Peer 1: 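Below you'll find the structure I mean.
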Amino acid sequence: MKIKSADFVISNSDVSKCPSRPLPEYAFIGRSNVGKSSLINMLTNRKSLAKTSGRPGKTQLINHFIINDNWYLVDLPGYGYARVSKSSKKKFQKFITNYFEQRKQLVLAFVLVDIRHDAQTIDLDFMEYLGVKEIPFGIIFTKADKLKPKAIERQVDAYCSQLLKTWEALPPYFITSSSKKIGQEDVLNFIEATNNEIEDLRNKSF
Ligand code: GTP
Ligand code: MG
């Protein structure tokens, strides 16, 4: 898919105030600092569409971006960031779960995991939560530039084995690096194919 336009729409913490156009939407979630905002910039060929930082906890709101005027990308705050206060962590959790449970346009969540780390309970638990809520998800391995090809393969294999302990089938997954621009085509083609499937289904139902 070619990115013809990528524009910021709105930030907020209230799902009812998210954009109302009935367009397919893809959300990026994962631990703080895993590279969600950087990935959005890489996918859209923009340097600073989404704000990034070396310090965890940069993204604090639900951020909508509209791509090619026909689908949304959503940058979300990270989970598992210890340095925010307990009360603001609770507020965070509430608006994020409200987003996942109420956002009708949400087609699929991409759960980002750092390819250097073994499967973490917090991520597996979040996938479990998405499963319970029947929200489709894919996995995006980030920061692949930090490992050699053999190590990438080893990490991905280990992750898949871990998933197959609890899941019957593997979700779609992608290996990416925002700094080396790895995986852009794979992720965008997947989104394009999914958008086309939705369009076909819509046309068939009329
Ligand atoms: P929060 O908004 O705090 O939840 O973080 P985030 O998941 O949006 O992470 P962000 O994109 O801000 O990136 C965090 C740090 O990781 C920054 O220092 C980025 O430069 C770095 N980073 C992100 N992606 C990559 C990557 O593919 N490779 C490398 N080497 N570093 C990356
Ligand atoms: Mg961010």
Side-chain angles (χ1 to χ4, degrees), residues 3 6-13 18 25-67 72-86 88-100 106 108-117 119-127 129-130 137-153 155-156 159 173-188 190:
I3 303 291
D7 298 292
F8 170 71
V9 184
I10 195 170
S11 294
N12 65 74
S13 59
C18 288
E25 175 164 319
Y26 300 83
F28 292 77
I29 186 79
R31 295 174 73 108
S32 279
N33 222 38
V34 69
K36 300 175 292 295
S37 303
S38 304
L39 187 79
I40 287 176
N41 292 336
M42 187 275 267
L43 291 175
T44 55
N45 301 318
R46 301 292 191 276
K47 266 210 180 92
S48 46
L49 184 64
K51 293 198 181 85
T52 65
S53 168
R55 289 176 56 204
K58 179 68 181 174
T59 309
Q60 304 240 346
L61 293 164
I62 304 167
N63 299 285
H64 274 79
F65 302 95
I66 187 151
I67 315 300
Y72 292 117
L73 273 185
V74 178
D75 193 15
L76 292 169
Y79 49 66
Y81 174 49
R83 266 197 292 175
V84 292
S85 69
K86 256 197 182 156
S88 72
K89 207 172 188 179
K90 270 223 160 117
K91 261 193 244 154
F92 254 40
Q93 279 166 356
K94 191 69 199 146
F95 80 69
I96 294 173
T97 51
N98 283 346
Y99 169 80
F100 279 104
L106 180 65
L108 179 134
F110 288 108
V111 180
L112 274 64
V113 298
D114 188 321
I115 198 155
R116 294 170 294 179
H117 304 151
Q120 314 258 309
T121 309
I122 193 166
D123 296 317
L124 298 173
D125 285 352
F126 195 79
M127 292 175 209
Y129 161 78
L130 292 172
F137 69 89
I139 296 177
I140 292 186
F141 294 99
T142 65
K143 309 194 183 182
D145 56 286
K146 298 273 193 186
L147 295 180
K148 299 215 165 74
K150 272 259 172 320
I152 290 178
E153 205 178 306
Q155 286 301 98
V156 172
Y159 212 101
Y173 63 86
F174 307 89
I175 294 158
T176 69
S177 159
S178 296
S179 46
K180 291 266 164 70
K181 253 204 173 174
I182 297 168
Q184 184 193 31
E185 284 263 310
D186 289 348
V187 176
L188 289 179
F190 172 80

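Whatever order the structure lists them in is the order used to number ligands and atoms, beginning at 1. These figures come from a predicted structure and were not determined experimentally.
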Peer 1: Tell me, do Leu76 and Tyr99 make a side-chain contact under 4.5 Å, heavy atoms counted?
Peer 2: yes
Peer 1: Verify, without hydrogens or angle tests, whether Thr176 (side chain) and Phe141 (backbone) share a donor-acceptor contact under 3.5 angstrom.
Peer 2: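 Present.
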Peer 1: Look at atom 21 (C) of ligand 1 and say which protein heavy atom is nearest, naming residue and atom and giving the distance to 0.1 Å.
Peer 2: Lys143 NZ, 3.9 Å
Peer 1: Side chain, backbone, both or neither: which applies to Lys146 and ligand 1 if a contact is any heavy-atom pair less than 4.0 Å apart?
Peer 2: side chain
Peer 1: Answer with yes or no whether the side chains of Thr142 and Asp114 bring together a donor and an acceptor at under 3.5 Å.
Peer 2: no
Peer 1: Any idea which heavy atoms bring Phe8 and Leu49 closest together, and the distance?
Peer 2: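 Closest heavy-atom pair between Phe8 and Leu49: N-CD1, 4.0 Å.
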Peer 1: Are any side-chain N or O atoms of Asn41 and backbone N or O atoms of Lys47, one a donor and one an acceptor, separated by less than 3.5 Å?
Peer 2: yes
Peer 1: List every atom of ligand 1 that sits less than 4.0 Å from any heavy atom of Lys36, numbering the atoms from 1 in the order shown and giving each element.
Peer 2: 1 (P), 4 (O), 5 (O), 6 (P), 7 (O), 8 (O), 9 (O), 11 (O)
Peer 1: Atom 27 (O) of ligand 1: which protein heavy atom is closest, and how many Å away?
Peer 2: Ser178 N, 2.7 Å
Peer 1: Is a side-chain donor-acceptor pair under 3.5 Å present for Gln155 with His117?
Peer 2: no
Peer 1: Can you find an N/O atom of Gly78 closer than 3.5 Å to an N/O atom of ligand 1?
Peer 2: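 So ligand 1 has an N or O lying under 3.5 Å from an N or O of Gly78.
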Peer 1: Measuring from Asn45:CG to Leu188:CG, what's the distance to the nearest 0.5 Å?
Peer 2: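 Asn45 atom CG to Leu188 atom CG measures 8.0 Å (nearest 0.5 Å).
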Peer 1: Is it the case that ligand 1 has an N or O less than 3.5 angstrom from some N or O of Ser38?
Peer 2: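 So ligand 1 has an N or O lying under 3.5 Å from an N or O of Ser38.
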Peer 1: Does ligand 1 have a heavy atom under 4.0 Å from the side chain of Ser179, from its backbone, from both, or from neither?
Peer 2: both
Peer 1: For ligand 1, which atoms sit closer than 4.0 Å to a heavy atom of Gly57?
Peer 2: 3 (O)
Peer 1: For ligand 1, which atoms, with element, lie under 4.0 Å from some heavy atom of Ser177?
Peer 2: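 Under 4.0 Å from Ser177, ligand 1 has these atoms: 27 (O).
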Peer 1: Going by distance only, is there an N or O of Pro56 that falls short of 3.5 Å from an N or O of ligand 1?
Peer 2: no
Peer 1: Note the single closest protein heavy atom to atom 18 (O) of ligand 1, along with its residue, its atom name and the distance in Å.
Peer 2: Gly54 CA, 3.3 Å
Peer 1: Evaluating non-hydrogen atoms only, which member of Asp145, Thr142, Thr176 is closest to atom 26 (C) of ligand 1?
Peer 2: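 When every heavy atom of Asp145, Thr142, Thr176 is considered, Asp145 comes closest to atom 26 (C) of ligand 1.
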Peer 1: Just by distance, no angles: are the side chains of Thr59 and Ser37 close enough, under 3.5 Å, to form a donor-acceptor pair?
Peer 2: yes
Peer 1: Quick one: does Asp186's side chain have a donor or acceptor within less than 3.5 Å of a partner on Phe174's backbone?
Peer 2: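 No, because the side chain of Asp186 does not come within donor-acceptor range (under 3.5 Å) of the backbone of Phe174.
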Peer 1: Please find the pair of heavy atoms, one from Leu108 and one from Phe137, that lie closest to each other, and give the distance.
Peer 2: CG-CA, 3.9 Å
Peer 1: What are the atoms of ligand 1, with element, lying closer than 4.0 Å to any heavy atom of Ser53?
Peer 2: 12 (O), 13 (O), 14 (C), 15 (C), 17 (C), 18 (O)
Peer 1: May I ask you to check if ligand 1 and Gly35 share an N or O to N or O distance below 3.5 Å?
Peer 2: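 Yes; at least one N/O pair falls below 3.5 Å.
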Peer 1: With only distance considered, is Leu76 within less than 3.5 Å of ligand 1 through an N or O on each side?
Peer 2: no
Peer 1: Heavy atom to atom 1 (P) of ligand 1, shortest distance: which of Leu112, Leu39, Asn33 holds it?
Peer 2: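 When every heavy atom of Leu112, Leu39, Asn33 is considered, Asn33 comes closest to atom 1 (P) of ligand 1.
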Peer 1: Would you check whether Thr59 has a nitrogen or oxygen atom less than 3.5 angstrom from a nitrogen or oxygen atom of ligand 1?
Peer 2: yes
Peer 1: At under 4.0 Å between heavy atoms, which part of Ser32 makes contact with ligand 1: side chain, backbone, both or neither?
Peer 2: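 Looking at Ser32 and ligand 1, atoms from backbone and side chain both fall under 4.0 Å.
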Peer 1: Just checking: Thr52, one of its N/O/S atoms, less than 2.8 Å away from the Mg ion (ligand 2), yes or no?
Peer 2: no
Peer 1: Within Thr59, is some N, O or S atom less than 2.8 Å away from the Mg ion (ligand 2)?
Peer 2: yes
Peer 1: Which heavy atom of Ala119 sits nearest a heavy atom of Tyr159, and at what distance?
Peer 2: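 Closest approach of Ala119 to Tyr159: CA-CE1, 3.5 Å.
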Peer 1: Has Gln184 got a side-chain atom pairing as donor or acceptor with Met42's backbone, closer than 3.5 angstrom?
Peer 2: yes
